[in-house]
S.K.: 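Handing you this structure, nothing more for now.
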Amino acid sequence: MEERLELELLSEKTLPQPANDQLLKYCPSMDLVALGSIDQQVLIYRLNGQRVYGATQKAGTLRVQSIRWKPNAGQLLAIAWSDGSVRLVGADSSKTVHQFTTGDSVTGVTCMGWTSNYTSRKSSLLRRKKGVTSWEDIFRRDDSLSMDNVGDLDLPRDLSLIDIEISLPKLSILAASGSSEEVFSSRSSLDPLFRPFDPKDNDAVDVMIVGTREGSLHLSIYDSFVIGSFSPVIIGSHSSYLVLHASNQHCSTHALLMRSPNSDGSLCFVPMDLRFVSASSDYLSLLASRSTTLQNLLRYIHHVQTLLICEWKGTQDLPARFIRNINETLDEDGGKDIVQALYHAVATGHMFPVVREWLVDELAERGHKRWDKAVVTGLENIRRLVHENMLPALDRCSVILSRFAGIAKFHGSNDNLGFTSQQISLVTQTVACLHLVASKILMQTVEELDLFAAFSAWLRHEIDRLASDTSSSANEEANEKEASLDHGKVLLYLKTSMNSSPLAIYFADDSDKDFNTLADPGRRDGTLFVLLEEQLRKQEQGLPYMKPLLRIHLLCGYLTQQASAIFKQIAEAEKRNVLFGKPHDLGVAQEGAPMDMKMSQAVCLLLCLSFPKIISVNHLKIYQVAMLIENGISTVTQTTLSIIELGSGKIKDVKFSNDIFISVLWEIEGHTHLLSIPYKGPLYKNEPDCILEYSPFGPKAKIPPPFIFDNASIVEHFSKYKIPGEDTFKPAKLEIREQTEYGWKEDMKRVLVLAEDKLHYKVFKLPATNQGSAELDGDTQMS
């Protein structure tokens, strides 16, 4: 018997609350552990035990039902709640980056899968094997380049992947307002939201599947671009719900394990073919990622527009109260208003007694400071928001839309992209209109700031002059200050901005006309941009004009409406290419029993581990479902089954370790062993012919006899690892870190073990096995 290897302990943690053993996930790219507690908290810990993130749902009745790390990169953690809402939380910023719902009447989430699929495998593999994948690689190489080392270069593809956005300035953060958009309030959360598109990701697309208690399946790609929801899969006469999900990066067919809600709880395997992945153009990842970025930009622009209106209202409220009070007094005194009275004072130097009393006794120095601060602060914030936030965001929108327009023109109207170049042109016009309005706001704000500064200085001078004594020295000082005042700007401010700010035409919400009717291309000649320019000229000339066309909140709403229509069309085009295969019965499994599922790319196999009611807790069932996949459409060719009897011990948990081994927590006589059992290849090192036998499985097939191992042989051949401290630490649950294809190293293998009390967990470094390493390396080469 070989000496067992003691696992290297990397971390151990004592939790403040017991963990939910169904909510344990290890980050694929960073040493972070995410878990859910029984008090409905989601926590993320580093290996040193430091808490990175902690959150709970505000509504006390909601429960955490599933968590998943983003595949490969792992920057995001998806959290599914019992009302069907899904939050995507940034691991770096600990803020909610995205949030969406899977339906209106959802009572629970049963499973959530998040995986990555290659879109153009054959072409990408060929290019990688050649060593040169793009024109950039040619200029990076120092050695002489022969044509034998060059793959099939694609100039249109490479041109479309040139990233212009990295040359644009970064978007500035926004002030936190206590809303759901607080993700824009810190640099650590804002930058990942608008990260540039990496051409290396063009051959892959992230896919998220969320199954609800009602049986519906919600599909989204690239973080939060929603494809849509699908009706429940019918098993017999009952709607089924999703229990487990598995996929392989090189295969567009996903494996769904569905459970019938009837009393027997039978399981069925259902293949789901994502033909929009297998039959997509080379631009699916680009479209999905830029569509998601465009959605985020629209959120950002909407938040900026909301802040702009709030700041503008702040510049109007306090001055309006001051002006309203004096106007009421002047109206009673002689029918004048404050603008006329102050204009008279600037032009003649004479101040009406009523105005003098108002300036000295009511407004005074304190009121003037409040007035000055409210207007100057608000206008400066408007200038900053437009210059640093709104205009850069609109520039980024234009860059993304230009990409969409180029792709649409390159593919023509017959390609099923979900949008046309004409639709993109209409959205681009709306962005141009917003850009024009924002530029007008910026120019008007700068001008109004300058005029108000002159008016505020004159007003303060008049308050000080009227409130001071009449000595000769005071008069000389007042005359010197007055000589520095620009009375022309004061008069211009009184004439143009005192009663009503010129910015009101962009921010006021006093229009009851339908913006969509005015902007409808069928009801006007020319483009929306031409129409807007015409209305601006009429407004500047004092002629009647269409007020809604100048309102920034209506333009933003119209832009969102146009973009949403395009997003919906793209989603519908992809949704039509999602096919569900025929359900295949896998028998009955006890609810809550350990299960795991995996797809093997090499032979398109699905493997499922479960504990049926009719078999005791020392029996392990392994199903294999072989599929033939042609043109992205799968056909189940054979289902086989093998049963293993593991002595007289108890199986506590099972997980796939890699493409050869299964990891099993096996308890015997109070001791827990971590077993590593090959489900493919030789069971024993020196007996190559001793392998697991799989028998055909079907409705009429007999259940095969189990492959029996006695306790001694189990310990001798399969118990390769020793769990340190097992006298005080009783393992109950396993979580094995998923292997990624980007930057994966053998020393990154981790296994997380949760104790029976659910208050303690340990993280161990999992040694590499030679067979497993060879198999895994082979898969990596195929990527």
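Computed over heavy atoms, backbone and side chain alike; hydrogens, waters and symmetry mates excluded.
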S.K.: May I ask you to say whether K652 pairs ionically with E756, meaning some side-chain N is under 4.0 Å from a carboxylate O?
M.R.: yes
S.K.: For V64, run the side-chain contact (heavy atoms from CB on, under 4.5 Å) check against V42, V109, D39 and tell me which one passes.
M.R.: V42
S.K.: Where does the angle between the aromatic ring planes of F567 and F225 fall among parallel (under 30°), tilted (30 to 60°) and perpendicular (over 60°)?
M.R.: perpendicular
S.K.: With a 4.0 Å cut-off, would you call R68 and E738 a salt bridge?
M.R.: yes
S.K.: Aromatic contact between Y679 and F656, with the criterion being ring centroids under 6.0 Å apart: yes or no?
M.R.: yes
S.K.: Show, in sequence, the C-alpha distance, side-chain angles and deciding distance for C268 and H584, and conclude whether the side-chain contact (heavy atoms from CB on, under 4.5 Å) test is met.
M.R.: CA-CA 5 Å; C268 281; H584 292 265; over 6 Å; no
S.K.: Walk me through it: do F709 and F718 pass the test ring pair (Phe, Tyr, Trp, His ring centres under 6.0 Å)?
M.R.: CA-CA 10 Å; F709 299 93; F718 303 140; 5.2 Å; yes
S.K.: Salt bridge or not between D31 and R737? Use side-chain N to carboxylate O under 4.0 Å.
M.R.: yes
S.K.: Considering only residues two or more places apart or on different chains, which pairs with a residue in residues 206-222 satisfy salt bridge (charged side-chain N to carboxylate O under 4.0 Å, His left out)?
M.R.: K70-D206
S.K.: For the pair H254 and H245, name the ring-plane relationship: parallel under 30°, tilted 30 to 60°, perpendicular over 60°.
M.R.: tilted
S.K.: Kindly confirm or rule out a cation-pi arrangement of K680 over F661, judged by NZ or CZ under 6.0 Å from the six-membered ring centre and within 45° of its axis?
M.R.: no
S.K.: Could you go through H673 and S719, starting from their C-alpha distance and side-chain angles, then the distance that decides it, and tell me whether this counts as side-chain hydrogen bond (donor to acceptor under 3.5 Å, both in side chains)?
M.R.: CA-CA 6 Å; H673 297 261; S719 183; 3.1 Å; yes
S.K.: Testing the basics here: between L759 and Q17, what is the closest heavy-atom pair and its distance to 0.1 Å?
M.R.: CD2-C, 3.5 Å
S.K.: Could you point out which residue of I221, L287, L274 forms a side-chain contact (heavy atoms from CB on, under 4.5 Å) with V205?
M.R.: I221
S.K.: Looking just at side-chain N and O atoms, do S634 and D273 make a donor-acceptor pair shorter than 3.5 Å?
M.R.: yes
S.K.: Under 4.0 Å between a side-chain nitrogen and a carboxylate oxygen: does that hold for D659 and K598?
M.R.: yes
S.K.: Can you name the closest pair of heavy atoms from G211 and L217 and give their distance?
M.R.: CA-CD2, 4.0 Å
S.K.: Nearest heavy-atom pair of A78 and L88: which atoms, and what distance?
M.R.: CB-CD2, 3.5 Å
S.K.: Does the plane of the ring in Y118 sit parallel, tilted or perpendicular to the ring in H250? Use 30° and 60° as the thresholds.
M.R.: tilted
S.K.: Shortest non-hydrogen contact from S220 to F100?
M.R.: OG-CZ, 4.1 Å
